[in-house]
Amino acid sequence: MLLSKTSVLSSALGVALLSAAAVSPVAADTYPSKPIKVIIATGAGGSHDLHSRAVASVIPAYLGQAFIIQMKSGGGGKIGMNVLKNAKPDGYTIGLVTGSHFAIAAHGKDMGFDTLKDFIPFYQVNYAPTMVVVKASSPWKTLKEFAAAAKAAPGKLTMSSSGQAGSSHMMLLQINRGLGIKVKHVPFRGGGKAFNAMWGGHVDMAMATPTTGGALSKIKAGKARALAMATPKRSKLLPDVPTLYELGIDYEYLSWRVFAAPAGTPQDKIDILVKALRKTSKDKTFKRLLKRFGEQNIPLDGPELKKKYVDTYNFYGKLFEANGLKYKKKM
Amino acid sequence: MQKVNIGTGVAFLVFSAVYYFYLIPTQIVGGGGVGYESALLQADYFPRIAILCFTLFSALLVYQGFKQQDQDNGAMFDSGSERPLRQVGLVVLIAAIYILALDYFGYTLTTPIFLAAMMIFYGTRNWRYVVPVALLTPIILDQFFWLSFQIILPEGVFFE
Amino acid sequence: MDAVIEGLNLALSWDAIAMVALGVFAGITVGAIPGLTSVMAIAVLVPFSFFMAPTLGIPFLLGIHKGALFGGSIPAILVNTPGTTPAAATCLDGYPLSQQGQSRSAIEMALYSSTIGDTFSDIVLILAAFPLAAVALKFGPTEFFSLMLMGLVVISSVTGPSLVKGLLAATIGMILGFVGLDIVSGAERFTFGIDSLAERIGIVPLMIGLFAISEVMIQSEKKISQLSKPHPMAGLKGGVPLKLIILWRSGGTIARSAVIGTIIGAIPGAGAAIATFTSYGLAKRLSKEPEMYGKGSYEGIAASEAANSSVAGADLIPTLTFGIPGDASAAILMGAFIAQGLRPGPELFTEQTGTMYGIFFLLLLGNPIMLIQGKLLTPLFARLVTVRSSILLPVILLFCIIGAYIYRNNMVDVQMALGFGVFGYFLRKLQIPMAPLVIAFILAPMAEEAFKQALVLSDGSFGIFVTRPISAGFILISTVLLGVSIFKRPAKFG
């Protein structure tokens, strides 16, 4: 080990500088004057991770500062969302949130936050539609045929889900109610495993986004079949596939990627972020990245987004009530 | 007679009782998935089996403790001083204080102190070793994680 | 034939080779740092691969995948800390060897075993992916349960001298494993309101605590005067290179472990951990020197490392043949393939092109590259632990603490790691073995989940476990293994 006085002194200096940087306030004239933390409530490699990195790779050019991704997974979104809720609303901490956490899980159990009060959604990056998928080798070409088969053999046909009271379980419950059938629910740990179970032939049906397990490419290759889309209107991706609504089932689920800030974040700072994000959505590299992911580019912001946020939350609230699963906060 | 085994076995038995009669009823929350009537599918089934096995094995351990004839030193600590235990305890204490401090004061400030304290505790008297290691290691680690994965080490609530 | 030549051309270019080498090096580094997972690393780097040519970006990511599984053995051997989860089995024999001053040869054994294991599975991937994948696809919850059951029975082979203590360890592992969300009922179990526990106790903080921190504590019992003196084995400079005869003798073990690792690794969702422990347990049972296991058996290292590295190639089998990822890193890798227009499916192996052949060649090339890098780095690593304990122990402790933090960016994990450290310390003092605990911790919850899913599917009928052929097979193996271990025990009970 080299132990000259100079090395010791220089290391001391280094520490002093680093500590100073961590401690002293930076001249905060223009926002943003330091990098912005983006909290992700899911784990590495998921679609949120990828989307946030896509944005992060492009936005510095438009914002002047970097986005630093901080993954805080755990508790089905509880940990990350609460970190976001409790963060200082100074515009330097935001999150990329998903409906699965704030609109679905929030109704099923005590997540520790209030969706409507604790967050300010300000920019939608995109959403992914979800679909009801079966293998191409299965005998049902439409959901009606599936329903007929289910009626003939109640409790025999199966659908996998990503877990109790999750988006796919809710879809199953609504399908059962809407069509008056009894499809058996087999829970798995996560949407990926749920899809794999269907693909491996262990369950009959699964819910998927276009990218879950490469679902869309499998459908386009003719190996899988989408029986219905859980979207408000028919999707451009698969225009021949009817929506659940068309088939009499009251359900939709869009896997949403929305930037949100903790309540109390000043609007002017949010506006600056929105401006930069709008430019990001138009950026060529960003668009290319999304395309490689197999995702669409669907930017949205402003009052329309806010309305969608509230409506989505309430929509699932009603669903949970109807199915008797709504979590009642103990006052 | 191996006292250690008996003692441990009994302690485990007590734990089993607590687990079975208290923890299982209180700590399994929620659930009641739609339509699962079978007892097997309930959330408490497997934990109950596990703790019953545990009870059985703990009892066996106690039994062994009584039957054991050989003298292989089953004592937990070499007889004599409590010096070893004291040292271990101090190490844990320093580590615990560091972990607590990490949350409040952040990595950069607390880590050099932690390293220095531990090295001195373990007997490194030569400051030529202590100072550089205590100062350089944290910096190198911090920079490495930041540059490679954008991982930020704890910044300390105090400074937010 | 043209495609093969085109592939060779693509592969044997300097930039492609450089990318693989870089990936392997990054992988070894990531694997060697507890708390950093290759999933994380691959996830961060995957977007970069999108804009590179497929034979540059993808082999880079594959290199990381490869390197990490070897890299995890390094801290396992040197400081009893598995750098990756499956390396836990390597701790059992690697660390004792390191304490005997044979760090270098231990790491080299890990290196050779890893390389051979990975090469084997890569070859299987390239040549025989389809038949294997077709079987792997048949693994539903029923088969999963039987597989996990077999893994749990393997525990009986690694209990060490006291069966009762081993079984106690296993049940403790199970009890710890049941903490968290039960997917079938939706209930949260034993979380005590702590959010971080809602998704199970983190395997990384658990292992860091049980293996590494407990070891630091045990070392801390020594006299201060002893700890602050230069390391007694410093003169050995970390040990000598592995004697090839030792490698040769473990050849059978390596071969068998590579096969086990490849088969189990090809089952989507099974994971490297079960492959590694099954291989280790089996190796011990079939070994001529079983009593050496846990005390410093080179064979033990070989069994563990050959198996866990062969998972690197094997988990790509279901991923590329049918688009069902073998594990989390394979899932991300699949995304990288799709982004380059390489769709998983039979066409990938039959129609494609030079590109796929290029990628396959680079995959194979990654192995000798890893061997070379390993051989160069090993003496360095091995010498690291000749630093005197009074400096080494604090640094190790720091790595443990930071490693537990970066796993999930969560301070609670760090507190848990310390807690498990203390817990592990007492367990070790009581001679309660770690291996069964870790195996049970990982496997029991998976087995429970699979069991329940299977029952839901079969409407409550138990028969399903024996009527389905694959499941029946594993149940049979489990019964045989269990019987053998009970009846072959030395007369002295416990």
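The sequence lines fix the lettering, A, B, ..., with proteins before strands; numbering per chain opens at 1. The figures that follow rest on heavy atoms only: side chains count, while hydrogens, waters and symmetry mates do not.
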- Query: If you round to the nearest 0.5 Å, how far is OG1 of A:Thr158 from CD of C:Gln453?
  - Reply: 11.5 Å
- Task: For each of C:Lys452, C:Met334, C:Glu449, tally heavy-atom pairs with chain A at distances under 4.5 Å, and name the one with the top tally.
- Result: C:Glu449
- Mind ranking C:Asp459, C:Ile332, C:Val412 by heavy-atom pairs under 4.5 Å with chain A and telling me who comes out on top? C:Asp459
- Item | Which of A:Lys109, A:Arg288, A:Gln70, A:Lys223 touches chain C most, by non-hydrogen pairs under 4.5 Å | A:Arg288
- Message: Given heavy-atom pairs under 4.5 angstrom as the criterion, report whether the side chain, backbone, both or neither of A:Phe188 touches chain C.
- Response: both
- Given a strict heavy-atom distance threshold of 4.5 Å, which part of A:Lys291 is in contact with chain C: side chain, backbone, both, or neither? neither
- Item | Atom of A:Trp199, atom of C:Phe322 and distance for their closest heavy-atom approach | NE1-O, 2.8 Å
- Message: With a strict 4.5 Å heavy-atom criterion, list every residue of residues 132-140 of chain C that contacts chain A, or say none.
- Response: C:Leu137, C:Lys138, C:Phe139, C:Gly140
- Message: If I take atom CZ from residue A:Phe293 and atom CD1 from residue C:Ile338, how far apart are they, to the nearest 0.5 angstrom?
- Response: 12.5 Å
- Query: Between C:Pro268 and chain A, which part of the residue has a heavy atom less than 4.5 Å away: side chain, backbone, both or neither?
  - Reply: neither
- Region of A:Thr211 that comes under 4.5 Å of a non-hydrogen atom in chain C: neither
- Query: Could you give the distance from OG (A:Ser160) to CG (C:Leu457), rounded to the nearest 0.5 Å?
  - Reply: 10.0 Å
- Query: Once you round to the nearest 0.5 Å, how far does CZ of A:Arg189 lie from CE of C:Met446?
  - Reply: 9.5 Å
- Message: Using side-chain heavy atoms (C-beta onward) and a distance below 4.5 Å, is A:Gln164 in contact with C:Ser185?
- Response: no
- In terms of heavy-atom pairs under 4.5 Å, which option from C:Thr191, C:Asn409, C:Leu197, C:Asp182 contacts chain A the most? C:Asn409
- Best-contacting candidate, A:Lys193, A:Lys156, A:Met71, A:Lys184, against chain C by heavy atom pairs under 4.5 angstrom: A:Lys184
- When heavy-atom pairs shorter than 4.5 Å are enumerated against chain C, which of A:Asp49, A:Leu50, A:Ile79, A:Ile69 gives the highest number? A:Ile79
- Message: Is A:Ser217 close to chain C through its backbone or its side chain, or both, or neither, when contacts mean heavy atoms under 4.5 Å?
- Response: both
- Toward chain C, the part of A:Arg53 with a non-hydrogen atom under 4.5 Å: side chain
- Task: Find the distance between CZ (C:Phe51) and OG (A:Ser57) and round it off to the nearest 0.5 Å.
- Result: 7.5 Å
- Message: Taking side chain as everything from C-beta outward and backbone as N, CA, C, O, which of these in C:Val46 sits under 4.5 Å from a heavy atom of chain A? Side chain, backbone, both or neither.
- Response: side chain
- Item | Nearest heavy atoms of A:Gly75 and C:Ala198, plus distance in Å | CA-CB, 3.6 Å
- Is the number of heavy atoms from other residues, nucleotides or ligands within 6.0 Å of NZ (A:Lys182) greater than 12? no
- Portion of A:Val83 that has a non-hydrogen atom of chain C nearer than 4.5 angstrom: neither
- Correct closest heavy-atom pair for C:Tyr405 and A:Lys72 would be OH-NZ, 4.0 Å
- Query: Counting heavy-atom pairs under 4.5 Å to chain A, which of C:Gly202, C:Ala450, C:Gly323 comes out on top?
  - Reply: C:Gly323
- Compare all side-chain heavy atoms of C:Asn410 with those of A:Ser73 and state whether any distance is below 4.5 angstrom. no
